[in-house]
Protein chains: 2
Amino acid sequence: MTKTKLILAYIANDRARKASFKKRTKGLIKKADELCTLCDVKACAIIGNPYDNEPEVWPSNLRAQQVISEFKKLPEHVQSRNKEDNQSICQERIAKKEGKLRKQYMDNNQKELTKIMYMCLVSGAFQNLSLASSESLVFLLNQNIKDVGRRIELLQNTLFPSQDNVE
Amino acid sequence: MTKTKLILAYIANDRARKASFKKRTKGLIKKADELCTLCDVKACAIIGNPYDNEPEVWPSNLRAQQVISEFKKLPEHVQSRNKEDNQSICQERIAKKEGKLRKQYMDNNQKELTKIMYMCLVSGAFQNLSLASSESLVFLLNQNIKDVGRRIELLQNTLFPSQDNVE
DNA sequence: CCATCTATAGTTAGTTG
DNA sequence: CCAACTAACTATAGATG
């Protein structure tokens, strides 16, 4: 990331990949250290090192082992939540996410239409629109016209205030 | 970090600490994901979660276990490097770092002197300097004078070039 | 290979709804 | 509690020595 926007994909170039690995591993460990200091949590990380036989182990071999052994005690807890509960919690979450997704769809749709509208206004070419797009577009244009009307009214009130409109 | 500069210390405020924990844990996992994608490495992380019985385990419980079990196979390798080697490698590194440290000291010293020099020039008060500082200062001033001399020469050659100096 | 630099992308503390 | 926002911050790709 940076100089050029990050493309999140395997870096084919060997040099670049190695450089990235070193920098990012260092950065990751720094972040982990910060988290530990700021929030006083126990944590560990193991990062396979393609350029060395030994993986990067943080915060230290020993402490990692300790965290891991605590972690291994847990699987029972995980299963102690009964399945019904898990299912209902999941479904709740799914519903919530779906709600957000729908909202996104609508936003996207709105933006798409706005784009089409501007393109039409610039090119003057309205003939290639589908009926559905046309109808949506009419709606959008009407909305914009209303917005402009409101804006004009507001400006008139600001520039030439009457006693009714200004305190 | 941000809005206010990060103070790397335990966050006493409960709300702030929890907020920080959530944001940073998310950020950390994102970074780890990126590292995996970009460099194709195997890795795992376990982060104790003070607000939940279960720790954050990344990339998944199962994959973490796999990475850990591979990691556990390694201690032999670690020890297969004989101690002599380890020691000499360490000493090499220490020597290198010490070299850098000395360089830093010298740089610092130089900067300190430059600061003193400017303060003296501004205030005109040279009487409070130790002998050592005075000697260093004289050296520094002579260097600066030489630098200025070279600069003058360079400028003269640029402004009034003679055949000898310009191609 | 490593260190340093710089511009830009990304992260996040604090705030607000 | 969560999501969104913004203003500071930090991280890092790419270039250079």
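The figures that follow rest on heavy atoms only: side chains count, while hydrogens, waters and symmetry mates do not.
- Rounded to 10°, the angle separating the first-five-pair axis and the last-five-pair axis of the helix from C/dC2-D/dG17 to C/dG17-D/dC2 equals 30°.
- With a 4.5 Å cut-off between side-chain heavy atoms of Ile, Leu, Val, Met, Phe, Trp and Tyr, the cluster of A/I7 takes in none.
- In the set C/dA13, D/dC9, D/dT12, D/dT12 carries the atom at the smallest distance from any side-chain atom of A/R24.
- A heavy atom closer than 4.0 Å to some atom of DNA chain D occurs in B/K18, B/K22, these being the qualifying members of residues 15-22 of chain B.
- Side-chain contact check for B/D33 versus B/W58: some heavy-atom pair is nearer than 4.5 Å.
- Remark: B/K5 is not in phosphate contact with D/dA8, judged by side-chain N or O atoms under 4.0 Å from OP1 or OP2.
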So which protein nitrogen or oxygen atoms get under 3.5 Å of nucleotides 4-7 of chain C's nitrogens or oxygens?
unit_1	atom_1	unit_2	atom_2	d
C/dT6	O2	A/K3	NZ	3.4

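- Every pair passing ring pair (Phe, Tyr, Trp, His ring centres under 6.0 Å) that includes a residue from residues 16-57 of chain A is listed here, sequence neighbours excluded: A/F21-A/Y51.
- Taking atom NZ on B/K31 and atom P on C/dG10, their separation rounds to 9 Å, with Å as the unit.
- Nearest approach of A/P59 to A/A43, heavy atoms of both residues: CD-O, 3.4 Å.
- Each of C/dG10, C/dT12, D/dG14 was ranked by its minimum atom distance to the side chain of A/T4; first place goes to D/dG14.
- Within the structure, side-chain hydrogen bond (donor to acceptor under 3.5 Å, both in side chains) pairs that include any residue of residues 39-50 of chain B comprise B/N49-B/E56 (at least two apart or interchain).
- Side chains of A/Q66 and A/L62 form a contact here, defined as non-hydrogen atoms less than 4.5 Å apart.
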